[in-house]
Amino acid sequence: MKLTEDPHRRQNALTKEWILVSPHRATRPWQGEVASLPTAAEPRYDPSCYLCPGNARAGGIRNPVYTSTFVFDNDFAALKAQTARDRLDVENMGLLVAEGEPGICRVICFSPRHDLTLATMDVEMIRPVVKMWIEQFRELGDREEINHVQIFENRGAMMGASNPHPHCQIWATASIPEAPAKELASQQAYMKAHDRCLLCDYVKLEQDQRLRMVCQNDGFVVLVPFWAIWPFEVLVCSRRHLESLSQFSAQEVESFSAILKQVTSTYDHVFNVPFPYSMGFHQSPTDGRDHPECHFHAHFYPPLLRSATIRKFMVGFEMLGTPQRDITAEIAAERLRELARR
């Protein structure tokens, strides 16, 4: 079997799920049409923005005139801290089952400036954001009812972001959500079988092969995972075995800030537009137990495929069967690697 020519399946080592790859449908090294999408420049301050300093939010609460990062409880939270963890199983048949899910939802504004993004912020401006993530992970994770802290950012209207002001969300839950739970199970199984960390071994293998590496610095590596589904999906892994944000050293805060800047600014060069994506961190649960199998990493899932306006959709066989891609992870990594060197 030739990975560059033959249709084949690739397994996601973190979830044990499969993806169909059809490289014969994209034999040229790069098929992307570099088409720019006209975008209006955002102002430094928008009086109608509910995230800008001093403005009233949608729920009526007025923001302070903040000068750096700013965190608040989401006014329209998807979770409620006071929800009881009751379980419902209609007629005890295991068919109509529901459980109460207590939790906390927060919003973090990266900057008081309305016109910035991680891609356009200086590393010095990203550093307080990383420190805020660490503080929030520790604070929320220390709560007895919270077992998982999910930090994520949706960038761009295409990804459902309702406001262009630079911000992210935190959903802290009593249960461990589906995606991290699958990864946790795989990491636990690998640790049990090999007495080593799955992602430590995987990163070393990728560094040896060099086919899917994008960029790296002293603290973190960026690569297109072998099993990537989205066209320009990347995985950011810590070089040192870290279970969570709470274990970051001062140097790793600096390195992570720099790698986030490099990844997001590289994305903006793919089609010469602000690149949409969903990004989030997977790390150890906050259930009070040790998790030596967990390795801190970030997923970037961008939807754009061949231009600034053409996105990948999960339809047909991908919804009913298995996710599929034509442009291989290796070709996508080569493209991103070239742009990251600029």
Side-chain angles (χ1 to χ4, degrees), residues 19 30-43 46 49-52 74 78 107-111 113-121 125-126 129 133 150-171 179 214-215 222-225 228-236 257 259-282 297-315 318-319 323-327 329 331-333 335-340 342:
I19 173 176
W30 172 242
Q31 288 191 322
E33 173 194 352
V34 181
S36 297
L37 181 69
T39 55
E42 296 289 343
D46 183 349
C49 170
Y50 55 83
L51 295 180
C52 277
N74 196 316
V107 176
I108 298 178
C109 295
F110 296 160
S111 167
R113 282 186 54 175
H114 184 80
D115 59 337
L116 295 179
T117 65
L118 288 178
T120 56
M121 292 167 67
M125 299 176 71
I126 298 175
V129 179
W133 287 333
Q150 183 61 65
I151 300 170
F152 64 96
E153 178 197 7
N154 294 321
R155 184 191 181 194
M158 188 179 287
M159 301 308 294
S162 59
N163 191 314
H165 194 105
H167 71 285
C168 73
Q169 297 186 56
I170 306 177
W171 290 18
V214 175
C215 58
V222 181
L223 56 92
V224 177
I229 293 176
W230 298 98
F232 294 99
E233 176 181 335
V234 299
L235 183 69
V236 181
S257 302
I259 210 72
L260 288 175
K261 166 72 175 179
Q262 187 168 14
V263 169
T264 53
S265 59
T266 296
Y267 271 158
D268 281 4
H269 289 134
V270 175
F271 298 118
N272 295 321
V273 293
F275 210 71
Y277 59 73
S278 281
M279 177 274 287
F281 309 143
H282 281 167
H297 59 282
H299 293 283
F300 278 81
Y301 298 132
L304 293 183
L305 180 58
R306 291 188 177 90
S307 78
T309 57
I310 299 176
R311 62 176 297 179
K312 177 181 175 67
F313 289 95
M314 293 289 184
V315 296
E318 295 189 292
M319 292 183 71
Q324 182 269 343
R325 65 180 290 151
D326 298 341
I327 300 172
I331 291 175
R335 174 66 174 167
L336 290 173
R337 191 161 52 244
E338 291 172 355
L339 295 171
R342 290 185 179 180

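Keep in mind that the numbers below use all heavy atoms, side chains included, and drop hydrogens, waters and symmetry copies.
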- Message: Between Asp268 (side chain only) and Phe275 (backbone N and O only), is there a donor and an acceptor less than 3.5 Å apart?
- Response: yes
- Please answer whether the main-chain N or O of Glu318 pairs with a side-chain N or O of Gln324 as donor and acceptor at a distance below 3.5 Å. no
- Message: On a heavy-atom basis, which atom in Met158 and which in Ala308 lie closest, and how many Å separate them?
- Response: CE-O, 4.3 Å
- Mind checking the CD1-CD1 spacing from Ile151 to Ile170? Nearest 0.5 Å is all I need. 5.0 Å
- Message: On a heavy-atom basis, which atom in Asn163 and which in His114 lie closest, and how many Å separate them?
- Response: OD1-CE1, 3.8 Å
- Note on the structure: Closest non-hydrogen atoms of Pro225 and Ala329, given as atom of the first, atom of the second and distance, are O-CB, 3.5 Å
- Message: What's the separation between atom SG in Cys52 and atom NE2 in His165, rounded to the nearest 0.5 Å?
- Response: 5.0 Å
- Could you give me the CA-CA distance, side-chain angles and deciding distance for Val234 and Tyr267, then say whether side chain to side chain contact (heavy atoms under 4.5 Å, CB included) is met? CA-CA 10 Å; Val234 299; Tyr267 271 158; 3.4 Å; yes
- Please tell me if the side chains of Pro274 and Arg155 come closer than 4.5 Å, counting only heavy atoms from C-beta onward. yes
- Are Met159 and Tyr301 close enough that some pair of their side-chain heavy atoms sits under 4.5 Å apart? no
- Output for pair (Asp115 CG, Met121 CE), nearest 0.5 Å, gives 11.0 Å
- Query: Is the Trp171-Phe152 ring centre distance short of 6.0 angstrom?
  - Reply: yes
- Task: Write down the atom of Phe232, the atom of Pro302, and the distance for their closest heavy-atom approach.
- Result: O-CG, 3.3 Å
- Should the ring pair His297 and His299 be called parallel, tilted or perpendicular, given that the plane angle runs from 0 to 90° and is split at 30 and 60? perpendicular
- Message: With side chain to side chain contact (heavy atoms under 4.5 Å, CB included) as the criterion, how do Met314 and Ile229 come out once you've worked through the C-alpha distance, each side chain's angles and the decisive distance to 0.1 Å?
- Response: CA-CA 10 Å; Met314 293 289 184; Ile229 293 176; 2.9 Å; yes
- Leu305 and Pro231: which non-hydrogen atoms are nearest, and at how many Å? CD1-CG, 3.5 Å
- Interatomic distance, CH2@Trp230 vs CD1@Ile19, rounded to 0.5 Å, equals 10.5 Å
- Taking all atoms of both residues into account, what is the closest heavy-atom pair of Cys168 and Trp133, and its distance? SG-NE1, 3.3 Å
- Any donor-acceptor N/O pair, Thr120 side chain to Leu116 backbone, under 3.5 Å: no
- Query: In Å, rounded to the nearest 0.5 Å, how long is the span from CE of Met279 to OG1 of Thr264?
  - Reply: 8.5 Å
- Message: So does Leu336 get a backbone contact from the side chain of His269, meaning a donor-acceptor N/O pair under 3.5 Å?
- Response: no
- Query: Does any non-hydrogen side-chain atom of Val270 lie less than 4.5 Å from one of Leu304?
  - Reply: no
- Query: Any donor-acceptor pair under 3.5 Å linking the side chain of Gln150 with the backbone of Phe281?
  - Reply: yes
- Note on the structure: Between the NZ atom in Lys261 and the OG1 atom in Thr266, the distance rounded to the nearest 0.5 Å is 10.0 Å
- Lys/Arg-Asp/Glu bridge criterion (N-O < 4.0 Å) met for Glu233, Arg325: no
- Query: Can you find a pair of side-chain heavy atoms, one from Phe110 and one from Leu51, that are under 4.5 Å apart?
  - Reply: no
